Undergrad: 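To start, I am sharing the structure in question, which I have written as structure tokens.
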Amino acid sequence: MRRAQTLAKAHLDLGEVEDEFASSVIEGLSNAQKSLPCRYFYDARGSALFEDITRLPEYYPTRTETQILMDYADDMVGSVGDGGLLVEFGSGSSLKTEILLDHLGSSVAYVPIDVSETALADAKARLMRRYPSLDVRPIVADFSHALTFPADLAAREKTGFFPGSTIGNLAPQEAASLLTVFGRALGRSSRLIIGVDLKKDPRRLIDAYNDQAGITAAFNLNLLRRINRELGANFDEQGFRHRAIYDPAKGRIEMHLVSRHDQQVSVCGRTFHFSAGESIHTENSYKYALEQFREVARASGWRPARVWTDTREQFSVHELIWPKAGRGCA
Ligand code: TRP
């Protein structure tokens, strides 16, 4: 709180806001269509609410992807050779990873990458109990930044893992850029196993992001609570409601927070006006047809290979292969 007040005071006269969280919030709220940066959803409460989302009856992606991994793990990682490396981007609790680890030999090392040091430590402790001979080598990092491996791991054959359709939270062009970052990090002849949610009946999509129990609403509204706490803002959580819509042209679910009435909110010494019904756009979740996602992969420099889905084709897991030599290089 003290930090927040200092910030608010220091920047009252429109000075540069140095805090990255503060500056991205102010920037987003200054746009004609107000928005907030989705990467700040995951404070401790946000992470706990997200865990609850993954268990909701309406939220089919986690359950469906887990089943696909269980059904095809052997196909997915059976060919990973001795001394291979499994590299997970944004590993969190590493729960789905166990399904793959069950099908990997004991000489494989696992490199979980996450911004949360505590999530990495918890996951490592659990995995070391479950897989005593597994070499777990966590890296604390934002996976969207370029990554270099410790020298002793650099030359090993790498398989990337990016489940949860997190790729869908980026627009297709940004998704392609991120996939290129992954490819460069993993290097020649590497593979990527990536989960991608599929287009389907909009009703089912909307329900998945607007559950009966109101957990997704609480998750979305928690962003306002975090801004109040960390930036000393005065959002009234009761003054906004959660809305999920599907835009069929863009092929994406949009999450918004809609102002219930005319109101003003102050954030870091600036005042923002909300009219009744005006929304803050907080997140996108893009949905793909199988071939559409393969096209994004191609644009990023990966070669799409096998695809696994559930029988109802609700969710997909893709295998991508990074070429042996750099494209366009002699
Ligand atoms: N990437 C997943 C999805 O888009 C999980 C997720 C990210 C999510 N943010 C969310 C789920 C917000 C519900 C609400 O489905």
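Owing to the predicted nature of the structure, the values given are computational and were not obtained by experimental measurement. Whatever order the structure lists them in is the order used to number ligands and atoms, beginning at 1.
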Undergrad: Select the closest option to atom 13 (C) of ligand 1 among Y209, Y286, F41, judged by heavy-atom distance.
TA: Y209
Undergrad: Taking the six-membered ring of Y286 as reference, does the cationic atom of K199 (NZ for Lys, CZ for Arg) lie under 6.0 Å from its centre and within 45° of its axis?
TA: no
Undergrad: Determine whether any heavy atom of Y59 lies closer than 4.0 Å to an atom of ligand 1.
TA: yes
Undergrad: Would you mind running through ligand 1 and noting each atom that sits below 4.0 Å from a heavy atom of T166?
TA: 1 (N)
Undergrad: Are any of the side-chain heavy atoms of M128 and V136 separated by less than 4.5 Å?
TA: yes
Undergrad: Could you list the atoms of ligand 1 found under 4.0 angstrom from a heavy atom of S165?
TA: 1 (N)
Undergrad: Tell me whether ligand 1 is touched by P61 - counting only heavy atoms on the residue side and a distance under 4.0 Å.
TA: no
Undergrad: List ligand 1 atoms under 4.0 Å from G164, heavy atoms only on the residue side.
TA: 1 (N), 2 (C)
Undergrad: Quick test: of every protein heavy atom, which one is nearest to atom 9 (N) of ligand 1, and how far off is it to 0.1 Å?
TA: E283 OE1, 2.4 Å
Undergrad: Which residue and atom name correspond to the protein heavy atom nearest atom 4 (O) of ligand 1, and how close is it?
TA: S285 OG, 2.6 Å
Undergrad: Can you tell me how far CG of L178 sits from NE2 of H145, rounded to the nearest 0.5 angstrom?
TA: 10.5 Å
Undergrad: Does the ring of Y60 carry R312 above it, NZ/CZ under 6.0 angstrom from centre and within 45° of its axis?
TA: no
Undergrad: So which protein heavy atom does atom 1 (N) of ligand 1 come closest to, and at what separation?
TA: N169 OD1, 2.7 Å
Undergrad: Could you list which atoms of ligand 1 come closer than 4.0 Å to a heavy atom of Y42?
TA: 7 (C), 9 (N)
Undergrad: OH/Y110 to CG/L85 distance, rounded to the nearest 0.5 angstrom?
TA: 11.0 Å
Undergrad: Measure the distance from atom 8 (C) of ligand 1 to every protein heavy atom, then report the residue, atom name and distance (to 0.1 Å) of the closest one.
TA: F50 CE1, 3.6 Å
Undergrad: D247 side chain to G251 main-chain N or O, any donor-acceptor pair under 3.5 Å?
TA: no
Undergrad: Tell me whether the NZ or CZ atom of K34 lies within the 45° cone about the ring axis of F274 and under 6.0 Å from its centre.
TA: yes
Undergrad: Donor-acceptor pair, T166 side chain versus F162 backbone, under 3.5 Å?
TA: no
